[in-house]
Structure formats: structure tokens, C-alpha cells
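Before any comments, here is the structure.
By convention in this document, chain letters (A, B, ...) are assigned in the order of the sequence lines, proteins followed by strands, and residues within each chain are numbered from 1.
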Amino acid sequence: MEVEGTASGSTLMIMKKIVEQGWRPVLVVILLLILWEASSRLFAIPAWLLPSPLTIMEEGLSSWSNYAHHLVSTTKLSIVGFVIGTSIGLLIAVLLHLMPHVRQAFYPLLILSQNIPIIVLAPLLIIWFGFGVLPKLFIITLVCFFPVAVAALDGFRQTNAEMKHYMYMAGASKRQVFSKLELPHALPTVFSGLKISATYSVMGAVISEWLGANKGIGVYMTLAQSSFRTDRVFVAIFFIMLLCLLFFSFIIALERFCIKGQPGQEAKS
Amino acid sequence: MSELKVSEVSKSFGEKKVLQSVSFSVKEGEFVSLLGPSGSGKSTLFHLIGGLYTPDEGELYLGGENINGKRGKISYTPQSPSLFPWRTVLDNVVLGEELHAKPNKERASAMLERAGLADYVNAYPHQLSGGMRQRAAFVRSLLSPQPFICLDEPFSALDEFTRLDMQKWLLSIWEENRKSVLFVTHNIEEAIYLSERVLVLSSNPATVKREFTIPFERPRREELVLTEEFLDWKKQIYHELRSEA
Ligand SMILES: Nc1ncnc2c1ncn2[C@@H]1O[C@H](COP(=O)(O)OP(=O)(O)OP(=O)(O)O)[C@@H](O)[C@H]1O
Ligand SMILES: [Mg+2]
């Protein structure tokens, strides 16, 4: 009971710590913005080259209704792509881990798949799948599965040898060793992969929209660019960053919920 | 039936011969200690009994059954406690049981209470001290369904005071259950205090050099370690360990 009390107490402590330490980066950002605003006024930088932060904010607020549907579309695309991509990544990792021979055969291919620049693939994907949602999901999957697959494979392989000996000597089957030891043991590593994939998925979504789409932040950006609405480009960049940040925070929250009893967990912020 | 018989067992890793014709037995309900220098192959012997490796030569029997390379026949406490950090203490101690049947958590809670861990049933291993973790690991062995327990230097990482407390505690629990125990240590006093018999291992390669039968009655009291007779045994075993084979 006593232990439980300290556990919930520590969550409060973490919140307090974030608030206490969070003001530093916020202050830096505010200072930078002020510097930016001041210099665009002082040097009279033309708005098509570098709009001032206030102009960008104004544009962002006033034409919300013009781009809200683009935002929704990209968010949906990223989420679906992320889920598909990371599921495939996990599945690949589990299969390769449980079949060491297959692993030896396919691991180089896995790495090779990351050497293909997405831009090069785009024409092929459009020839095969057209301009629909399929090639976009394909691109996001391609960038998302890899960090998770590699992280999970490493996590499975680095399982503590003595714990594994214990399990085998206690008569555990291969399946029990996997589900009761290797999988939970790999979870922290898997989450590191998920965090990378989360930001990649937004990037993948925007890139796939550049390559051909009728809605999405990528499209909004292309349109803004061709009409020299640099302020809109910045609005788009702002929302892409926000989206990445939200995804990332969601994964961190999920991690806190899923991973129990790791030493040093209280100390992490 | 849980009599362990190790017969002429040899094991090499590559060129290095670790065990050479090791033979001994542990009878039903007996507490036997293996005493040997670090690196002599004590953990390797456990790994053989546990079926993690198969011996190059020789046979292992448990209750008459040949267990060469067979896993799940003994309950084992590794040299480091090896509790799973993501499981609570309660979920950790039922692990051995869980692999073969539905675990009995009430019994486990009661046992944890006996081990002085009542306040930590739902805590995670990193919240425990080293001695508490060792106790939890031992409770895990006791709750495992196998009647034969192998303990690999469970107290070697503890300070002298905790170690003495743990030995007393181990004996009190063991006297209730009387499962057969094979106990590895490199502490002479610990071996004498706990066991019916002490086997002295030589090293490079390891073989059973000599066997001492310890006559002290049970239950053993703490003051025993200060008696003349106890020191006498300690001297004898010490000389046996130091003498070149
Ligand atoms: N899997 C393995 N592969 C190769 N060599 C091994 C392996 N396991 C153990 N050895 C070697 O066998 C020897 C005995 O090791 P072991 O762990 O059994 O010693 P120990 O008596 O338990 O020592 P300690 O008291 O320090 O725990 C060592 O020289 C070690 O290097
Ligand atoms: Mg050892």
C-alpha cells in the first residue's frame, strides 16, 4: 500500500517537474520569435521571402476554414499509415526473430529497403496504383515499418541471458519464452522505434501528398508555394510540426502506460 | 521421488575442459552444498542438471529418470536473482508455477509474507533491496512445481549481516518444506551451517575432490558457528580447498 502511494505521488512529481523545467525552452522560442519579428520589420524583408511571425499567425487564424480539411486529411492519412506500417514492422520482427534462418536471409533485404529514396519510387507507385490512397499508404508504410522492425529485433535479441536460462531450465516452451520474456523485455526498445516512426509517418504523408493528391497539407503547401504565399507555407510547416509533436506525445503517454517497473522510470522526464 | 544422481559427468566448452568425471548424489529431502573456487564450473554443472546443455559424457538421473538435456525437471535460482522488472513481486514468484499450471496467488502471497515481503507484494523488483530480491527469487523456486531445488550462490552479493539473516531464514523455510536442495557457494561457513553434506570441487577441470558429512543436528542454531567443533570442520574443509590436487 505504501509503495502504491509513492507511485501515484511520483506521477504528480513528474508533472510538476515538466512545468518547472518547461519554461526554459518556451522562453527560448518566444525570444527567437521576437528576434524574427523585429528583424523583419527593421530590415523590411519582403513577405514573399520571409513573412514575419505575426503575419503568419494572422494568416493561420483567418483562413482556418480554407485549410482545415487539408489538415484533417493528412492527420487521418498519417494515423492509418502509421498503424499499418508499425504493425507490419512488428510482424516482420516477430517472424524473423522466431525463424533465425529466415532472418539471415531477409535481414540484408530489410536494410536494402531503406536505401531506396522514396522520390524514386513515386513514379512506379503511381503507375501501379494511380493517385488514390494506396500509393500514399505504401510510402508511409515503407518509412514507418523499418524503425520499429529493427528496434524490435534488437530488443528481442538483447534479452538478458540469465533470465532466458532461467526460463528454459524452468521448462518454458519457446512460445512462453517469447510471450513472457522476450516480448515484454523488448517493449522499451520497441517504443523507441515507435517514436521515430510516429514522426516519420507525418513526413511520409506530406511527401506522398506532394507527389500527387487533391487534398492534404502537402497539397496546401504546393499550392501556396506556386502562388508565392510564403506565409501559408509557414502555416503548413507549423501544423506539420504540431502534428509530429502530438503523435510523439501520444506515443510517450502510451509508453508510460505500457511499461511498468523499469528502474529510473521516475527519474525520466 | 527426487533423488539426484550425477554420474561421471564431463563437459568442455571448445578446447577448455570445465567438468571432469563429476559424480555425486543428493538424496530425497537432503541439503547438499557444492563448494568450489570462482570459475570452477559450478554454474555450468547447474546448467547441465537443468538441461540447458547436455553433458559430453556421463549421465544425470532424477528420481531414476535420465534427465540428460531435459528441461523443466528442477527448480533453479540463478546466480543473479533474474526477477522480471516489468512484473510485480507477486507475479514474479508465481512465474515457475505459471509455466505449467494456473498459479495459486493466495499461496504465493502467504509465502511472501513468510519471507518478510508482505509490504512489497505489489512492488516492482527495482524497488527492493538486494536481499529482498534474493528472497523473492528463492520464493519463486519454492513455489515452482519441481521437488528438487538448485540454488546458485544466492547470497554471494550480500553483506555479512544480511547473509547470516538470510541463511537463518532459508533454513527455517526449508525445514518446513524439506525439498531436496543442491546449494552452490564459495563460502565455507555457509556450506557447513546449511548442509548435510559438503562437496569440495577442484578447478581446471572441476571434479569432486572430497565429500564431508556434517553431523550437526537440525534445527541448527545461530550460535553453532562459534563452537569449537564448527571451527574444526571449517579448518578441515579449508585445507582441503587449499591443497593442490
Ligand atoms: N556457454 C559457455 N561457453 C563457453 N565457456 C563457458 C560457458 N559457460 C561457462 N564457460 C566457462 O566455464 C568455466 C566455468 O564457468 P562457471 O560459470 O560454471 O563457473 P562458476 O564456478 O559458476 O564460477 P563463479 O563462482 O564465479 O560463478 C569458466 O571458465 C567459463 O569461462
Ligand atoms: Mg557461477
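Enclosure of atom CZ in A/Phe138 is not indicated, since only 12 or fewer non-hydrogen atoms of other residues, nucleotides or ligands lie within 6.0 angstrom. Around OH of A/Tyr200, the count of heavy atoms belonging to other residues, nucleotides or ligands within 6.0 Å does not exceed 12. Counted within 6.0 Å of CZ on B/Phe24, heavy atoms from surrounding residues, nucleotides or ligands total more than 12; the atom is thus considered enclosed. Atom NZ of A/Lys195 sits in a crowded spot, with more than 12 heavy atoms from other residues, nucleotides or ligands closer than 6.0 Å. For A/Met241, the CE atom sits in a loose shell: 12 or fewer heavy atoms of surrounding residues, nucleotides or ligands are nearer than 6.0 Å.
Nearest approach of A/His165 to B/Tyr53, heavy atoms of both residues: CE1-OH, 4.4 Å. Nearest heavy-atom pair, B/His100 versus A/Gly171, reported as atom, atom and distance to 0.1 Å: CE1-O, 4.0 Å. The two atoms that bring A/Met163 and B/Pro85 nearest to each other are CE-CD, 3.8 Å, heavy atoms only. Nearest heavy atoms, A/Tyr166 versus B/Tyr76: CE1-O, 3.1 Å.
Looking at heavy atoms from C-beta onward, A/Met167 lies in side-chain contact with B/Phe84 at the 4.5 angstrom threshold. Counting heavy atoms from C-beta outward, A/Glu162 and B/Pro81 have side chains that stay 4.5 Å or more apart.
Contacts between A/Leu187 and chain B at a heavy-atom distance below 4.5 Å are absent for every atom of the residue. For a residue to count as touching a neighbouring chain, one of its non-hydrogen atoms must lie under 4.5 Å from one of that chain's; by this rule B/Gln146 touches chain A with the side chain only. For B/Ser75, no part sits under 4.5 Å from any heavy atom of chain A, backbone or side chain. Contact of B/Leu83 with chain A is made through the backbone alone, with heavy-atom distances under 4.5 Å.
Side-chain N or O atoms of A/Gln176 include one that pairs as donor or acceptor with a backbone N or O of B/Leu99 at under 3.5 Å.
Within the model, atoms CG of B/Asp91 and NZ of A/Lys180 stand 10.0 Å from one another, a figure rounded to the nearest 0.5 Å.
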